[in-house]
Protein chains: 2
Amino acid sequence: MSTGGDLISLGAITLGGTSVGDSSVGDISLGARPPRADAVRNREVLLEAAHRLVAQRGADALTMAQVADEGGVGKGTVYRRFGSREGLMAALLDHSEARWQAAVISGPPPLGPGAPPLDRLLAFGASRLERNLASADLIVAAGSDQRRPLGALRFVAAHVRQLLLALEIGGDTNLLTSALLAPLEASVVSIQVSDQGVDPAQILAGWTDLVRRVVRTD
Amino acid sequence: MSTGGDLISLGAITLGGTSVGDSSVGDISLGARPPRADAVRNREVLLEAAHRLVAQRGADALTMAQVADEGGVGKGTVYRRFGSREGLMAALLDHSEARWQAAVISGPPPLGPGAPPLDRLLAFGASRLERNLASADLIVAAGSDQRRPLGALRFVAAHVRQLLLALEIGGDTNLLTSALLAPLEASVVSIQVSDQGVDPAQILAGWTDLVRRVVRTD
DNA sequence: TTCGCAAACGGACCCTGGTCCGCTTGTATT
DNA sequence: AATACAAGCGGACCAGGGTCCGTTTGCGAA
């Protein structure tokens, strides 16, 4: 897996918070002294190790001791770097999240810019649902870790809100945004799919219907 | 706390599943021999102990060993009765859930029967949101335990679907129901309120707006 | 180059959820 | 009342998350 800088860490729209563990490598360290080389190295190594292990055995099976061993460091180091298991999961998500955000910001339409708002919104729903389902275990394992909800969720909300505004709907777009986002949340859809045996296509159909009803200005 | 039979365990719409731990006392034991007296007694005692501890220190702080001690039994017994921590939480929820369901089924309007469908739906949202927020920690702690999502969630879904049908909306009411329920889920709203500082009233306003848009048949 | 020290390291240690299994007890039957 | 046995019981035990603290190390300053 190339850990290269193929795209700027968009996930780092985390408003440089007070979150545990360090932030991404490419972060704008404002005033504070730069992180030590060994810390950066270990972070990389551990992320890669964790990624490998998750790919092999799934997120649920991942243990912190495993990650430490695989990375050739002590368990304490893993915790210093990521704060907690949730923090580690969140860090793992950051990669793919950044990729996805890039697709929304500058990818081809209808997901990316260029298509009419409604088309973009529907494409967004499909794409987000797919992603949330694909990384459901990771997302759920990341729980309500500091950085994820306030980073990724913020971006997603801003995007949807933008589209709703463009559609010139009345009402409070902020509130409506949350309401539209909820049915796509990993915690919600993973239950529907795993425990209730609902077909993901059905969920999307339901969401699409919902959106169509909400935005119609007949 | 009166453990009396003031209302029939509605939470037991759990379709008498294969879930771990036993089901509520009032269950229709079909064919199988009845539970032993000590088992029933311990279940009662432990529920009460757990309830007390949760009230005192909150759901998150609850440990299984505590419950066992407080109930004067071994830890193994707690696990036999409830299967897991999640199972215990789910059992705790059952009480209040049953109460709530009763209010929906036979309470005063507009939540209960008698009011026009739209009014009932909006009242439902307000009430459900309130309940989900009030027991958010318990609900989240109960996770995706067998009985909760397929018991409570099923009831709630059926109710909303009923109302939507009465409103004579087009489209697949099943899908729409899920989409309308998602924004009220504890996992969603508790993040909004705790981590994002959103006012519950705002959430309700957003949901109300959503519903109004969905059901309008202009 | 040497020095000082904040930062990083690592693994022993603690806590809690969950399992196991030998012992006890309720209950149906005779 | 005696018997048999399924069900229940309890606590020792294990695994994994998370903390602590004495030791090591990178790195800027002298």
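The figures that follow rest on heavy atoms only: side chains count, while hydrogens, waters and symmetry mates do not.
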#### Entry: Any A:Leu133 side-chain heavy atom under 4.5 Å of A:Val193 side chain
yes

### Sequence-aligned protein contact record of nucleotides 24-30 of chain D, with B where the base is within under 4.0 Å of a protein heavy atom and S where only the sugar-phosphate is
-BSS---

### Message
Quick one: does any side-chain atom of A:Arg81 pair with a main-chain N or O of A:Glu44 as donor and acceptor, under 3.5 Å?
### Response
no

### Query
Taking the side chain as C-beta and beyond, is there a heavy-atom pair between B:Val188 and A:Val188 under 4.5 Å?
yes

### Query
Whole-Å distance between D:dG17 P and A:Arg81 CZ?
19 Å

### Query
Taking only residues two or more places apart in sequence, or in another chain, which ones meet B:Arg85 in a side chain to side chain donor-acceptor pair (under 3.5 Å)?
none

### Query
Are A:Val67 and A:Phe82 side-chain neighbours, meaning at least one heavy-atom pair lies under 4.5 Å?
no

### Summary
note: A:Phe82, atom CZ; C:dC9, atom C1'; distance rounded to Å ~ 15 Å

### Message
What I want to find out is whether A:Arg128 reaches A:Glu97 closely enough, with some N-O distance under 4.0 Å, to be called a salt bridge.
### Response
yes

### Query
With a 4.5 Å limit on heavy-atom distance, are the side chains of A:Leu153 and B:Gln196 in contact?
yes

#### Entry: Spatial distance of atom CG (A:Leu138) from atom CG (A:Leu93) [nearest 0.5 Å]
4.0 Å

### Query
Could you run down nucleotides 10-21 of chain C 5' to 3' and tag each one B, S or - for protein heavy-atom contact under 4.0 Å?
BB----SBBB--

